[in-house]
Amino acid sequence: MNQRKDIPLEQFTVHISPPSRQRDLLAVSILENGRLNLNGRLSKSLCGKMIDISFTEESKYLCISEIGEGDGWKVPKSGSMKSIGCMKILKDHNKKLPARYEVWYSEALGVWQGEYVENPLRKSSAGLQNTQKK
């Protein structure tokens with residue numbers, strides 16, 4: 001039987017930090033099917049409220065404004081809404097879908113703002129082929 005030796009703790013010099021707490025992030029995702037999804041914390045903050053959604057000219061930033069009444073979006077409990085318009089704006093500005101915006105609340109302006117970020121979890125389908133034999 002192969003005997004194993006204890007390794008001195010001083011030799012363990014590379015430490016791995018835990019991932020940042022994803023649930024602390026506020027985010028909006030816009031999917032290829034036109035769904036606009038607010039993550040859990042953001043949808044909890046906006047649930048049942050009427051909102052207006054706007055983008056900067058190049059779609060790098062978005063703004064979510066709470067409005068009293070009128071022509072806006074009523075945020076459902078799920079935080080998921082259909083928005084072909086948002087998807088079209090992003091495609092027109094060559095943003096990759098699904099698109100993700102990390103969101104924060106601006107106390108000074110009284111609105112939610114978000115910045116477009118590349119989706120780090122996106123998997124490329126380029127080069128994938130069906131290798132199943134018929």
Side-chain angles (χ1 to χ4, degrees):
M1 180 176 222
N2 189 7
Q3 285 193 344
R4 297 183 180 173
K5 296 181 183 180
D6 290 337
I7 301 165
L9 293 178
E10 302 82 41
Q11 291 185 16
F12 294 93
T13 58
V14 178
H15 298 277
I16 307 299
S17 300
S20 64
R21 297 187 64 195
Q22 292 295 323
R23 62 185 139 160
D24 288 344
L25 289 176
L26 300 173
V28 173
S29 297
I30 301 168
L31 309 178
E32 291 181 39
N33 65 2
R35 302 285 320 163
L36 182 136
N37 295 332
L38 310 180
N39 75 344
R41 284 192 60 222
L42 186 57
S43 65
K44 187 175 180 180
S45 296
L46 294 171
C47 181
K49 297 181 179 177
M50 294 295 289
I51 62 169
D52 178 61
I53 301 169
S54 55
F55 292 88
T56 57
E57 178 104 14
E58 70 287 345
S59 301
K60 182 173 175 146
Y61 299 98
L62 69 74
C63 180
I64 300 173
S65 308
E66 293 179 34
I67 57 176
E69 295 179 16
D71 294 335
W73 301 83
K74 184 170 184 177
V75 179
K77 187 175 181 179
S78 68
S80 182
M81 301 164 277
K82 188 77 169 179
S83 175
I84 299 296
C86 288
M87 179 198 60
K88 183 174 177 351
I89 288 169
L90 296 178
K91 281 188 171 184
D92 289 348
H93 290 100
N94 299 315
K95 300 291 186 216
K96 294 179 183 175
L97 296 174
R100 181 178 173 94
Y101 288 83
E102 290 184 0
V103 178
W104 64 92
Y105 185 75
S106 169
E107 294 283 344
L109 300 175
V111 297
W112 298 88
Q113 296 183 332
E115 181 177 14
Y116 175 80
V117 292
E118 290 289 332
N119 186 348
L121 303 177
R122 181 181 293 118
K123 294 180 182 178
S124 174
S125 60
L128 293 181
Q129 297 176 359
N130 185 355
T131 57
Q132 185 179 17
K133 294 186 179 185
K134 295 182 181 181

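We use all heavy atoms of the structure for the numbers below, so side chains are in, but hydrogens, waters and symmetry mates are not.
A search for salt bridge (charged side-chain N to carboxylate O under 4.0 Å, His left out) contacts involving Lys91 returns nothing, not counting sequence neighbours. For Glu102, the salt bridge (charged side-chain N to carboxylate O under 4.0 Å, His left out) test picks out no residue, with sequence neighbours left out. Remark: Asp92 pairs with Lys88 by the side chain to side chain donor-acceptor pair (under 3.5 Å) rule, at least two apart or across chains.
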Please tabulate, one pair per line, all N/O donor-acceptor pairs under 3.5 Å involving side-chain atoms of residues 72-80, not counting sequence neighbours.
residue	atom	partner	partner atom	Å
Ser78	OG	Ser80	N	3.3
Ser80	OG	Arg35	NE	3.1
Ser80	OG	Arg35	NH2	3.0
Ser80	OG	Asn37	OD1	2.6

Enumerate donor-acceptor pairs with a distance under 3.5 Å from any side-chain N or O in residues 51-61 to protein atoms, sequence neighbours excluded.
residue	atom	partner	partner atom	Å
Thr56	OG1	Glu58	OE2	3.1
Thr56	OG1	Lys60	N	3.4
Thr56	OG1	Tyr61	N	3.3
Ser59	OG	His93	ND1	3.1

Kindly indicate, with the supporting measurements, whether the criterion side-chain contact (heavy atoms from CB on, under 4.5 Å) is fulfilled by Leu36 and Tyr101.
CA-CA 11 Å; Leu36 182 136; Tyr101 288 83; over 6 Å; no
Quick one: do Asn33 and Met87 satisfy side-chain contact (heavy atoms from CB on, under 4.5 Å)? Show the steps, please.
CA-CA 8 Å; Asn33 65 2; Met87 179 198 60; over 6 Å; no
Any chance you could lay out the side-chain contact (heavy atoms from CB on, under 4.5 Å) test for Leu26 and Tyr105, step after step, and finish with the verdict?
CA-CA 9 Å; Leu26 300 173; Tyr105 185 75; 5.8 Å; no
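Judged as a ring-ring contact (aromatic ring centres under 6.0 Å, His included), not a single pair has a partner in residues 26-54 (not counting sequence neighbours).
In plain terms, the two heavy atoms of Trp112 and Glu66 that are nearest each other are NE1-OE2, 3.5 Å. Closest approach of Leu25 and Arg100 over heavy atoms only: CD1-NH2, 4.1 Å.
Ile64 and Leu31 are assigned to two separate hydrophobic clusters, defined by single-linkage of ILVMFWY side chains at heavy-atom distances under 4.5 Å. Connection of Trp104 to Val28 is not established within any shared hydrophobic cluster, with ILVMFWY side chains joined at heavy-atom distances below 4.5 Å, either directly or through further cluster members. There is no path of hydrophobic side-chain contacts, each under 4.5 Å, that joins Leu62 to Val111.
A 4.5 Å side-chain heavy-atom check between Ser83 and Met81 finds every atom pair outside the cut-off.
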